[in-house]
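Naming: A, B, ... by sequence-line order, numbering from 1 per chain.
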2 protein chains.
Amino acid sequence: MSNERLIYLPLGGAGEIGMNAYVYGYGPAGKERLILVDLGIAFPDMDSTPGVDVILPDIAWLRDNIDRVEAVFVTHAHEDHVGGVGHLYGQMGKPVHCRKFTANIARRKMQEQGHDPGAVVVAEPWPAQVEAGPFTVGFLPISHSIPESSALVIDTPGGRIVHTGDFKIDLVPVLGEPFDADSFREVAKGGVKALVCDSTNVFNTHEGRSESLVGPNIRELVSNAKGMVVATTFASNVARLKSLADAGAAAGRSICLMGRAMRRMTEAAREEGILTEFPQTVSPEDAADIPRESLMLIVTGSQGERRAASAQLSQGKYFGMELKEGDTFLFSSKTIPGNERDVARIMNNLSMLGVDVVTDADGLYHVSGHANRPDLETIHALIDPQFVIPMHGEHRHLREHAKVADGLGRTGVVAPNGTMIDLSGNAPKVVDHVEAGRTYLDGATLVGQFDGVVRDRIRMALNGMVVVSVMVEDDGTVLDDAWVDLRGLPEKGRSGDALSDVMEKDLADRLERVDRKTADDDDALEKLVKRGIQQTAQAEIGKRPEVTVLITRLAAE
Amino acid sequence: MSNERLIYLPLGGAGEIGMNAYVYGYGPAGKERLILVDLGIAFPDMDSTPGVDVILPDIAWLRDNIDRVEAVFVTHAHEDHVGGVGHLYGQMGKPVHCRKFTANIARRKMQEQGHDPGAVVVAEPWPAQVEAGPFTVGFLPISHSIPESSALVIDTPGGRIVHTGDFKIDLVPVLGEPFDADSFREVAKGGVKALVCDSTNVFNTHEGRSESLVGPNIRELVSNAKGMVVATTFASNVARLKSLADAGAAAGRSICLMGRAMRRMTEAAREEGILTEFPQTVSPEDAADIPRESLMLIVTGSQGERRAASAQLSQGKYFGMELKEGDTFLFSSKTIPGNERDVARIMNNLSMLGVDVVTDADGLYHVSGHANRPDLETIHALIDPQFVIPMHGEHRHLREHAKVADGLGRTGVVAPNGTMIDLSGNAPKVVDHVEAGRTYLDGATLVGQFDGVVRDRIRMALNGMVVVSVMVEDDGTVLDDAWVDLRGLPEKGRSGDALSDVMEKDLADRLERVDRKTADDDDALEKLVKRGIQQTAQAEIGKRPEVTVLITRLAAE
């Protein structure tokens with residue numbers, strides 16, 4: 001027994017808000033049997049990941065130890081927890097356990113990637129448990145902003161771990177299971193080794209607010225609205241969709257859901273018996289025929305996504321509908337940091353149409369799905385664990401959350417992605433550091449974070465691109481009519497002549513003087529051409545563009 | 001007289017927060033004499049303007065009417081008001097009037113661009129006035145977050161205009177001129193045609209807070225700090241620099257200013273006699289020798305700028321100094337929307353070093369330089385103009401601000417960039433729409449917003465790039481050993497073979513079958529090659545890259 005240990009290893013989610021992936025292991029050192037909790041994605045941005053479709057955790061370490069992996073457990077159906085299940089099943093090939101609503105979504109992800117949806121196994125909620133090697137895992141219902149979120153109660157011979165998943169303390173969540181303090185007290189009774197805990201809102205010092213506070217405000221807003229009402233929120237917040245739809249119905253409006261994610265989420269919720277009392281909806285096609293004062297659209301795109309319904313509606317006709325003066329557009333959402341510009345673009349477009357934009361600026365129309373600091377302190381107290389391991393946060397969130405734990409007399413552990421912690425003893429111990437980067441889904445292929453593919457794209461975007469074609473005769477003569485093509489660069493520089501002409505002329509001068517040794521050496525010739533182009537560019541336009549040199553060697557006839 | 005009119009035409013700043021440029025004109029229609037108020041820049045971002053250095057208003061209309069332009073007036077020395085003065089002087093060539101601190105900064109901008117700093121003319125504050133054609137312009141001191149900000153009192157035969165510039169109502173601004181309601185009342189006495197008014201904070205419904213509230217909080221924070229203290233703020237907020245430095249000095253710490261903008265602003269303020277009581281500072285070189293608990297750094301980079309002092313300090317050693325556990329880093333600033341990710345990166349780096357990061361989350365360490373809604377209402381009341389024309393805002397800010405004016409019984413006028421308004425009558429009248437886009441300073445050249453240069457860069461960043469070289473013999477035979485070079489694309493696709501090999505092979509198959517007509521036609525051949533490459537890419541990697549085709553036609557020997 002002394003040889004066995006209990007380890008924790010985040011591969012994603014501990015260092016960012018996104019792409020959650022947490023490994024637990026139990027067994028002899030280096031031979032622990034493993035489970036993975038959550039397998040999510042993160043979203044790309046133009047600054048660091050242009051052209052990338054989806055960001056996934058790098059699970060190379062799991063792949064290398066795949067024979068030791070028992071199963072995957074998914075806490076809830078948000079993309080940053082379940083989004084990677086389909087993309088990475090090919091590398092994992094292990095059963096995916098989750099509750100029925102999450103399973104419904106997970107199965108769709110498997111199917112989209114051509115995998116067997118049968119690998120998704122439905123788990124009943126606590127006190128039911130799933131066996132996986134030395135682990136016994138229970139799904140303990142916990143309130144959040146999507147149905148059937150669960151904390152995981154992970155039992156091992158080395159002790160019990162409570163992994164909260166995402167959560168808030170909501171006693172009146174509108175839809176689904178209220179936070180049940182008794183169940184957490186019960187789970188904590190025998191002693192808990194570690195609480196692995198959501199850190200998203202640790203910097204918010206106010207008490208959390210219930211989902212039930214939002215409905216009445218929305219209802220009042222909608223009942224006073226004159227023209228068409230459009231509301232956008234996170235499609236996965238099914239409780240919010242219900243509050244919005246109920247407010248519309250109460251005001252005598254027909255409800256129309258727009259956007260793929262919106263339809264998919266409500267479909268899944270209906271299929272799993274979660275959304276039983278939802279007003280009748282009309283299709284977008286039928287909505288166009290309904291008078292605007294009798295219509296309410298509930299649409300995707302609260303984060304400013306360019307192809308989502310909100311963006312489309314802000315730009316003009318969409319499905320035959322067109323917003324105009326007197327209409328109301330409600331953002332029943334917060335803007336996730338980084339999306340401010342995209343959201344503002346939509347608001348400004350709506351402003352130009354004369355639409356009244358209502359936001360959550362005064363805290364009336366949205367509540368967060370995550371526990372604020374006072375609620376984190378509550379769950380620390382309820383579980384009273386030996387260690388508190390903050391997760392689901394950037395480094396600053398993890399560090400702050402560990403400080404909160406320390407302040408309450410427990411041991412806070414900052415363990416960023418790749419840090420393997422041995423939890424067996426009386427003090428947590430870092431026992432290994434594992435590569436834990438990011439993998440990019442780019443079109444149909446997976447690209448490593450450090451493969452240089454994205455770096456090259458960023459360079460082209462910043463510096464522009466010059467393509468040069470140079471021909472060399474078999475006697476070593478470099479033909480001096482090099483051909484230059486520009487992309488993403490101004491046509492003319494300081495001299496006022498076409499930049500490509502100036503480059504071609506400068507290059508011709510250089511090529512005339514090339515010695516035979518350089519001419520015969522592809523690398524040397526390329527270097528010379530590149531340097532020449534960049535010097536001309538620096539002089540003409542004050543930039544150093546990227547350069548691709550094509551050297552063609554002409555064979556003798 | 002009936003033939004003369006008074007016009008307003010924003011070319012920048014009315015549709016964004018940035019690149020302010022407002023034209024006023026007086027005279028016979030189409031022959032008005034013109035003045036320009038402010039000539040600022042905006043900052044690029046990776047989403048929409050990768051590689052661009054500075055964004056300037058497109059002043060083509062002014063250039064076309066340059067003989068009618070009398071002068072430029074600059075309200076204050078923020079980059080979005082004065083930053084374009086040097087870059088565009090070559091197109092303007094008109095005197096630039098401003099108060100002495102602003103002039104100090106403006107002269108530096110002229111010199112940097114190789115223009116005569118003598119074109120900058122120092123104006124005395126109100127009641128002094130500057131004559132410019134039919135205009136008489138006075139600089140009326142108004143409180144903001146930089147020294148010597150001024151509202152402009154613009155008198156014309158068609159009436160008086162009050163152009164606020166950026167402002168807040170601060171009765172205790174720490175440094176410089178308090179808001180003086182009497183002077184505004186005085187100016188308003190004879191009746192004001194139009195109040196052209198800052199809209200930045202129109203959505204903030206709280207009363208504005210004075211700069212003087214910040215000092216005591218900073219002082220307390222610094223006096224309790226243990227290790228090194230670093231504070232960052234906007235370099236131009238000289239009052240804040242003073243509050244920060246005073247707090248450091250009071251705690252017995254040596255003060256060191258770091259970052260070019262920080263030194264430039266304090267130098268200008270000293271030169272103009274504004275910064276008389278500032279603690280002694282030490283150079284960064286000397287600071288390295290001072291014990292950390294006796295040192296306070298005041299540094300640039302509050303917006304996460306990658307090369308500024310804050311970013312450098314967050315990454316390790318900088319000027320021999322290295323932050324560590326127990327140090328304090330204060331953001332005495334707010335994060336401008338769009339900069340969240342860059343600022344968070346620095347905070348996370350600092351967190352990894354163990355540095356305690358203090359932000360303005362609780363409103364203790366920063367106040368805005370702009371008037372909130374109640375203060376906007378106050379200035380409306382003080383000036384009591386016929387028209388209120390909101391400026392300095394995105395469309396949603398302008399519209400909201402106009403609504404505020406309407407609500408108070410005045411006429412609010414939404415006039416976005418390019419809208420020429422005739423203010424002569426009893427109702428404002430749109431009389432023209434003028435092209436008012438953006439010009440990009442890109443390295444050393446000016447590039448138009450719609451030139452396609454930046455669009456091409458974005459496409460390369462999103463889609464990656466393929467360069468193909470194809471050779472055609474003089475008998476029309478297309479050589480089938482086309483050469484393919486990839487940039488920003490994965491090396492391998494679905495087949496597992498090198499993507500460039502697969503492309504070359506697919507292309508060889510296509511080129512073998514090319515007919516003479518296509519082979520002879522550059523455009524047709526290019527199109528065929530491009531389509532081929534994109535089809536292969538779609539099949540192999542699920543992307544459609546940008547393609548550059550180089551066709552070389554071999555001459556007969």
Note, [X] side chain near [Y] side chain (heavy atom, < 4.5 Å):
X	Y	answer
Leu550(A)	Trp483(B)	yes
Leu398(A)	His401(A)	no
Met46(A)	Ile458(B)	yes

Tell me which of these, [options], has more heavy-atom pairs under 4.5 Å with chain B than the rest.
options	value
Arg494(A), Glu340(A), Met347(A), Arg399(A)	Arg399(A)
Thr548(A), Val447(A), Thr335(A)	Thr548(A)
Pro50(A), Gly443(A), Ala461(A)	Ala461(A)
Ser48(A), Gly354(A), Ala344(A)	Gly354(A)
Thr49(A), Leu350(A), Asp356(A), Asn463(A)	Asp356(A)

Partner chain A: residue of [options] with the largest heavy-atom pair count (under 4.5 Å):
options	result
Gly51(B), Gly15(B), Ser351(B)	Ser351(B)
Asp456(B), Asn204(B), Val414(B), Asp47(B)	Asp47(B)
Glu546(B), Lys492(B), Glu540(B)	Glu546(B)
Pro337(B), Gly338(B), Ala361(B)	Gly338(B)
Val52(B), Leu486(B), Val357(B), Leu489(B)	Leu489(B)
Asp442(B), Thr359(B), Thr205(B)	Asp442(B)

Do the side chain of [X] and the main chain of [Y] share a donor and acceptor less than 3.5 angstrom apart?
X	Y	answer
Glu325(B)	Leu353(B)	no
Asn349(B)	Gln315(B)	no
Asn339(B)	Val343(B)	no
Asn348(A)	Glu394(B)	no

With a 4.5 angstrom heavy-atom cut-off, is it the side chain or the backbone of [X] that approaches chain B, or both, or neither?
X	value
Lys403(A)	side chain
Gln538(A)	neither
Val355(A)	backbone
Met465(A)	both
Asp485(A)	side chain
Thr552(A)	side chain
Val454(A)	neither

Report summary line: Residue set satisfying salt bridge (Lys or Arg N to Asp or Glu O under 4.0 Å) with Arg544(A), at least two apart, ordered chain then number -> none
Requested in this report: Can you measure from CD (Glu504(B)) to OG (Ser469(B)) and round to the nearest 0.5 angstrom?
Outcome: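 Glu504(B) atom CD to Ser469(B) atom OG measures 10.0 Å (nearest 0.5 Å).
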Requested in this report: List the atom of Ala537(A), the atom of Met503(A), and the distance in Å for their closest heavy-atom pair.
Outcome: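 The pair with the smallest heavy-atom distance is CB-CE, 3.8 Å.
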Query raised in the report: Are Glu526(B) and Lys530(B) ion-paired here, with the side-chain N under 4.0 Å from a carboxylate O?
Result: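 A salt bridge links Glu526(B) with Lys530(B).
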Requested in this report: Please flag which part of Arg341(B) lies under 4.5 Å from any non-hydrogen atom of chain A: side chain, backbone, both or neither.
Outcome: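 Only the side chain of Arg341(B) comes within 4.5 Å of chain A.
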